[in-house]
Visitor: 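Encoded as structure tokens, here's the structure I'll be asking about.
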Amino acid sequence: VCQGQGNHVKIGLIGDSTVAMQSGWGPAFTSRFNEKAQILNYAKGGATLQSLSKKLDELVKLKPDYVLIQFGHNDQKRYDTSVYGDHLKSYVERIRKAGGKPIIVSSVTRRSFDKDGKIVSKLVRSEKYNYKATLTDYAHAAEAVAKELSLPFIDLHAASIFHHNKIGPRASMAYNFKEGDKTHFNEKGGQAITDLILPELER
């Protein structure tokens, strides 16, 4: 592990509400590290790559050694996968310029199940937003950027789909931040997602 000043490692997190302090996996992730690591969680509810761009500028000023980038849930409501890819490349460039190592993370799945009890990535119907593609399409776009730029990639989308298909709908609903909320996480859900991320990070 590349470590920062004083033999400490700084890990930045930037993303949407599924990573953020209130309802994401960020707090559970943070809880797994000892005092030799500083976790800087700059994720925010409702965020897109575009809307959190200035927050990234604030984060890179703190000189993180690594930055995990996970977006998609809100980006898919506002622009297509090509625009998403361009924004992701901009994030990577700025993190690298500040001396950090970017790690691209595909979006954790929404916990929507079909009649057979399997996760389905579908286009959500909404009067407010025009969804451009499925969350899986954005996960593929994130992977393509990682490959193009030779970056570490954590396919949290695929890993979380596999996990929820394995445990089934009933157990999956125990992760809900609120009753009926199939997107965000309570403590149990955050820890379960962290269990998927950490082995990938070690790899």
Visitor: Scan residues 43-52 for pairs that pass salt bridge (charged side-chain N to carboxylate O under 4.0 Å, His left out), counting only residues two or more places apart or in two chains.
Guide: none
Visitor: Let me confirm one number: the OH-NE2 distance from Tyr175 to His164, rounded to the nearest 0.5 Å.
Guide: 6.0 Å
Visitor: Assess the side chains of Tyr79 and Asp75: does a donor N or O sit below 3.5 Å from an acceptor N or O?
Guide: yes
Visitor: With a 4.5 Å heavy-atom cut-off, do Leu40 and Ile11 have their side chains touching?
Guide: no
Visitor: Test of understanding: with side chain to side chain contact (heavy atoms under 4.5 Å, CB included), list the residues that count as partners of Asp181, not counting sequence neighbours.
Guide: Phe177, Lys178, Thr183, His184
Visitor: Between atom CG of Asn165 and atom CZ of Phe113, what is the distance when rounded to the nearest 0.5 Å?
Guide: 6.5 Å
Visitor: Sequence neighbours excluded, which residues qualify as side chain to side chain contact (heavy atoms under 4.5 Å, CB included) partners of Ala20?
Guide: Ala43
Visitor: Taking side chain to side chain donor-acceptor pair (under 3.5 Å) as the definition, give me every residue that meets it alongside Glu187, ordered by chain and number, with sequence neighbours left out.
Guide: Gln191
Visitor: Quick one: closest heavy-atom pair of Leu135 and Ser121, and the distance?
Guide: N-OG, 3.5 Å
Visitor: Compile the donor-acceptor pairs under 3.5 Å between side chains in residues 139-152 and protein atoms, sequence neighbours left out, one pair per line.
Guide:
{"residue": "Glu148", "atom": "OE1", "partner": "Lys89", "partner atom": "NZ", "Å": "3.1"}
{"residue": "Glu148", "atom": "OE2", "partner": "Lys89", "partner atom": "NZ", "Å": "3.3"}

Visitor: Which distance, rounded to the nearest 0.5 Å, do you find between the CD1 of Ile95 and the CG of Leu56?
Guide: 5.0 Å
Visitor: Can any side-chain N or O of Asp137 pair as donor or acceptor with the backbone N or O of Thr81 at less than 3.5 Å?
Guide: no
Visitor: Does Lys10 offer a backbone N or O that forms a donor-acceptor pair with the side chain of Asp65 under 3.5 Å?
Guide: yes
Visitor: Just jot down the side chain to side chain contact (heavy atoms under 4.5 Å, CB included) partners of Arg78, sequence neighbours excluded, or say none.
Guide: Thr48, Asn74, Tyr129
Visitor: Thr109: which residues meet the side chain to side chain donor-acceptor pair (under 3.5 Å) condition with it, sequence neighbours left out?
Guide: none
Visitor: Name all residues meeting the side chain to side chain contact (heavy atoms under 4.5 Å, CB included) criterion together with Glu58; count only those two or more places apart in sequence or in a different chain, and write none if there are none.
Guide: Tyr42, Lys55
Visitor: Ring centres under 6.0 Å, that's the criterion: do Phe71 and Tyr138 meet it?
Guide: no
Visitor: For Gln70, enumerate each residue passing the side chain to side chain donor-acceptor pair (under 3.5 Å) test, keeping only those at least two apart in sequence or located in another chain.
Guide: Thr18, Trp25
Visitor: Pairs in or reaching into residues 111-120: which pass side chain to side chain donor-acceptor pair (under 3.5 Å), with residues at least two apart or in two chains?
Guide: Arg111-Asn176
Visitor: When you check the side-chain N and O atoms of Ser106 and Asp155, is any donor under 3.5 Å from an acceptor?
Guide: yes
Visitor: Any donor-acceptor pair under 3.5 Å linking the side chain of Ser51 with the backbone of Ala47?
Guide: no
Visitor: Who passes side chain to side chain donor-acceptor pair (under 3.5 Å) against Asp57, sequence neighbours left out?
Guide: Arg94
Visitor: Under the salt bridge (charged side-chain N to carboxylate O under 4.0 Å, His left out) rule, what pairs show up with a residue in residues 194-203, not counting sequence neighbours?
Guide: Arg32-Asp195, Glu200-Arg203
Visitor: Is the count of non-hydrogen atoms from other residues, nucleotides or ligands lying under 6.0 Å from Phe162 atom CZ greater than 12?
Guide: no
Visitor: Keeping the roles fixed (side chain from Gln76, backbone from Ala133), state whether a donor-acceptor pair exists under 3.5 Å.
Guide: yes
Visitor: Which distance, rounded to the nearest 0.5 Å, do you find between the OG of Ser107 and the CG of Asp16?
Guide: 6.0 Å
